[in-house]
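This report concerns only the one structure given below.
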Amino acid sequence: VPQNRLSKNSKVVCFMGTNGGWVPKDLLDGEDYNKNLEILIGQYKYIADYVGINNVLFLGFYMTAAIDQTIAADRIVRWKYFEDRMVAEFGNRYLSVRQYLREKGWKDAGYQLGYRLTSKGYTLLAADIAEDKQAIADGRIPYCVVGNSSGVHLTTRASACVANQVAKRLFELGDVSELKQIDVSAISDGLN
């Protein structure tokens, strides 16, 4: 967005997806992963400088192939590094979607660990409960908040819960004067 198109009262909510990654392909193999994350953080800093730090809210991603495809111990270290760096750099102007979905989002959506949304409604199998518990232990979001086998796209209720967290943070930061929340229980769930 050209700067002259942003009003002085504009607020930007920025979520940079992970499709295609954020580093040149030749740096992916054998390069220090933290250096690669610094490239991404540098991109966020550029946006903050462009729109003004008090005009932006950054949303952390909740999964990324570059992190999720590593062994659990490495994954947790990498998520912690990224999220700690984002908090250090941007404070309350950063919201970890992964942390929210892992810790509270699935409950806020009205799910139980192990829920799986199907075309005929929800299933709740012992194996799926164990899979969700393991996902949380491995630093991932539970699969009950995603609506397909890819584990990528959130269900409608989970998306609404994230939207509520964004609204709440904008209100806490003084960016909006009224806190409006989506009634998640009134949403007919589906794939987002």
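Nothing here was measured: the structure is a model prediction, and the numbers come from that model.
Of all heavy-atom pairs spanning P142 and A135, the tightest one is CA-CB, 4.2 Å. In plain terms, the two heavy atoms of S10 and N55 that are nearest each other are O-CB, 3.5 Å. Of all heavy-atom pairs between R157 and Y122, the closest is NH1-OH, 4.1 Å. Considering every non-hydrogen atom in both C161 and G105, the closest pair reads SG-O, 4.2 Å. Listed here is the closest heavy atom pair of A158 and A109: N-CB, 4.2 Å.
At least one side-chain heavy atom of R169 sits less than 4.5 Å from a side-chain heavy atom of L57. Side chains of F82 and I41 form a contact here, defined as non-hydrogen atoms less than 4.5 Å apart. Side-chain contact between Y111 and V145: present, with at least one pair of heavy atoms (C-beta onward) separated by less than 4.5 Å. The shortest distance between side-chain heavy atoms of R98 and R102 falls below 4.5 Å. Within the 4.5 Å cutoff, the side chain of L154 has heavy atoms near those of the I141 side chain. Residues K45 and F90 have side chains in contact (heavy-atom distance under 4.5 Å, counting atoms from C-beta outward).
Listed by chain and number, the residues in a salt bridge (Lys or Arg N to Asp or Glu O under 4.0 Å) with K104 amount to none (sequence neighbours excluded). When the ring-ring contact (aromatic ring centres under 6.0 Å, His included) test is applied to Y94, no partner is found at least two apart in sequence or on another chain. Scored by the ring-ring contact (aromatic ring centres under 6.0 Å, His included) test, Y100 finds no partners at all (sequence neighbours excluded). Applying the side chain to side chain donor-acceptor pair (under 3.5 Å) rule to N92 yields no partners; only residues at least two apart in sequence or on another chain are considered. For R85, the salt bridge (Lys or Arg N to Asp or Glu O under 4.0 Å) partners at least two apart in sequence or on another chain are E38, E89. Taking the side chain to side chain donor-acceptor pair (under 3.5 Å) definition, one finds that K80 meets it with D84, sequence neighbours left out. Partners of N54 by side chain to side chain donor-acceptor pair (under 3.5 Å), not counting sequence neighbours: none found. Residues meeting the side chain to side chain contact (heavy atoms under 4.5 Å, CB included) test with T118, sequence neighbours left out: K120, T123. Here D108 pairs with nothing under the salt bridge (Lys or Arg N to Asp or Glu O under 4.0 Å) rule; sequence neighbours left out. Legend: residues meeting salt bridge (Lys or Arg N to Asp or Glu O under 4.0 Å) with K11, ordered by chain and number and at least two apart, are D175.
When hydrophobic clusters are built by joining Ile, Leu, Val, Met, Phe, Trp and Tyr residues whose side-chain heavy atoms come closer than 4.5 Å, directly or via intermediates, L124 is grouped together with L113. In this structure, L59 is a member of the same hydrophobic cluster as V12, with clusters built from ILVMFWY side-chain heavy atoms closer than 4.5 Å. Placement of V176 and F15 within a single hydrophobic cluster is found when ILVMFWY residues are connected by side-chain heavy-atom separations under 4.5 Å, directly or transitively. If you chain together hydrophobic residues whose side chains sit under 4.5 Å apart, V77 and M86 never meet in one group. Residues V97 and L173 fall within the same hydrophobic cluster, defined by Ile, Leu, Val, Met, Phe, Trp and Tyr side chains chained together at heavy-atom separations under 4.5 Å.
Below 30°, between 30° and 60°, or above 60°: for Y44 and F58 the angle between ring planes is above 60°, a perpendicular geometry. Ring geometry for Y50 against Y46 counts as parallel: the plane angle stays under 30°, on a 0 to 90° scale with 60° as the upper cut.
Note that CD of Q99 and CH2 of W79 are 11.5 Å apart. Values are rounded to the nearest 0.5 Å. Atom CD1 of I136 and atom OH of Y143 lie 11.0 Å apart (nearest 0.5 Å). Taken to the nearest 0.5 Å, the CD atom of Q165 stands 6.5 Å off from the CG atom of L95. Here the straight-line distance linking atom CZ of R140 with atom CD1 of I76 works out to 10.0 Å at 0.5 Å rounding.
Formation of a donor-acceptor pair under 3.5 Å by the N164 side chain with backbone atoms of I182 is found in this model.
Among residues at least two apart or in separate chains, side chain to side chain donor-acceptor pair (under 3.5 Å) pairs with a member in residues 126-136 are R116-E131, R116-D132, Q134-D138.
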